[in-house]
Amino acid sequence: MPEKNPLEIPINGILDLHTFQPRDVKDLVPDYIVECRKQGILQVRIIHGKGTGSLRETVHATLSQMPEVSSFNLADEQAGGWGATIVYLKPL
């Protein structure tokens, strides 16, 4: 089986999880957060969708374990409401 090339994700402060498998979220979110901090992006919007809420719960559980995260909350209606989470990061 050929090796898969790593997926290139733009580091722009918006992570849309709709294109990823739920099993990848626990590794993807921390990696993305680290890269954002390296680039000086200290506010990140993670789009997890509204659905059943299980992906949101996974994202929030992951964020709550990360020392790089200052705080996080659900987005306001203009930024996706309860289908997105705004994350505030500590500067390097």
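Numbers here simply count residues along the sequence, with the first being 1.
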Pairs under 3.5 angstrom only: tabulate donor-acceptor contacts from the side chains of residues 36-43 to other protein residues two or more places apart or in another chain.
unit_1, atom_1, unit_2, atom_2, d
Arg37, NE, Lys90, O, 2.7
Arg37, NH2, Lys90, O, 3.3
Arg37, NH2, Pro91, O, 3.3
Lys38, NZ, Glu35, OE2, 3.3

Inset, instruction - Might you work through the side-chain contact (heavy atoms from CB on, under 4.5 Å) test for Leu15 and Leu28, ending with a clear yes or no? - result: CA-CA 9 Å; Leu15 178 60; Leu28 176 65; 4.3 Å; yes
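- A search for ring pair (Phe, Tyr, Trp, His ring centres under 6.0 Å) contacts involving Phe72 returns His60, not counting sequence neighbours.
- Note that NE2 of His18 is 8.0 Å distant from CG of Leu55, once rounded to the nearest 0.5 Å.
- Note on Tyr32 and Ile86: separate hydrophobic clusters, where clusters join Ile, Leu, Val, Met, Phe, Trp and Tyr whose side-chain heavy atoms are under 4.5 Å apart, directly or indirectly.
- Leu63 and Ile14 are not part of a single hydrophobic cluster, where members link through side-chain heavy atoms under 4.5 Å apart.
- Annotation: salt bridge (Lys or Arg N to Asp or Glu O under 4.0 Å) contacts involving residues 48-71, sequence neighbours excluded, are absent.
- A continuous path of ILVMFWY side-chain contacts below 4.5 Å connects Phe20 to Met66, so both sit in one hydrophobic cluster.
- Evaluated for a side-chain contact (heavy atoms from CB on, under 4.5 Å) with Leu17, the options Asp24, Ile47, Ile46 yield exactly one hit, Ile46.
- Heavy atoms only, all atoms of each residue included: Gly80 and Ala75 are closest at N-CB, 4.3 Å.
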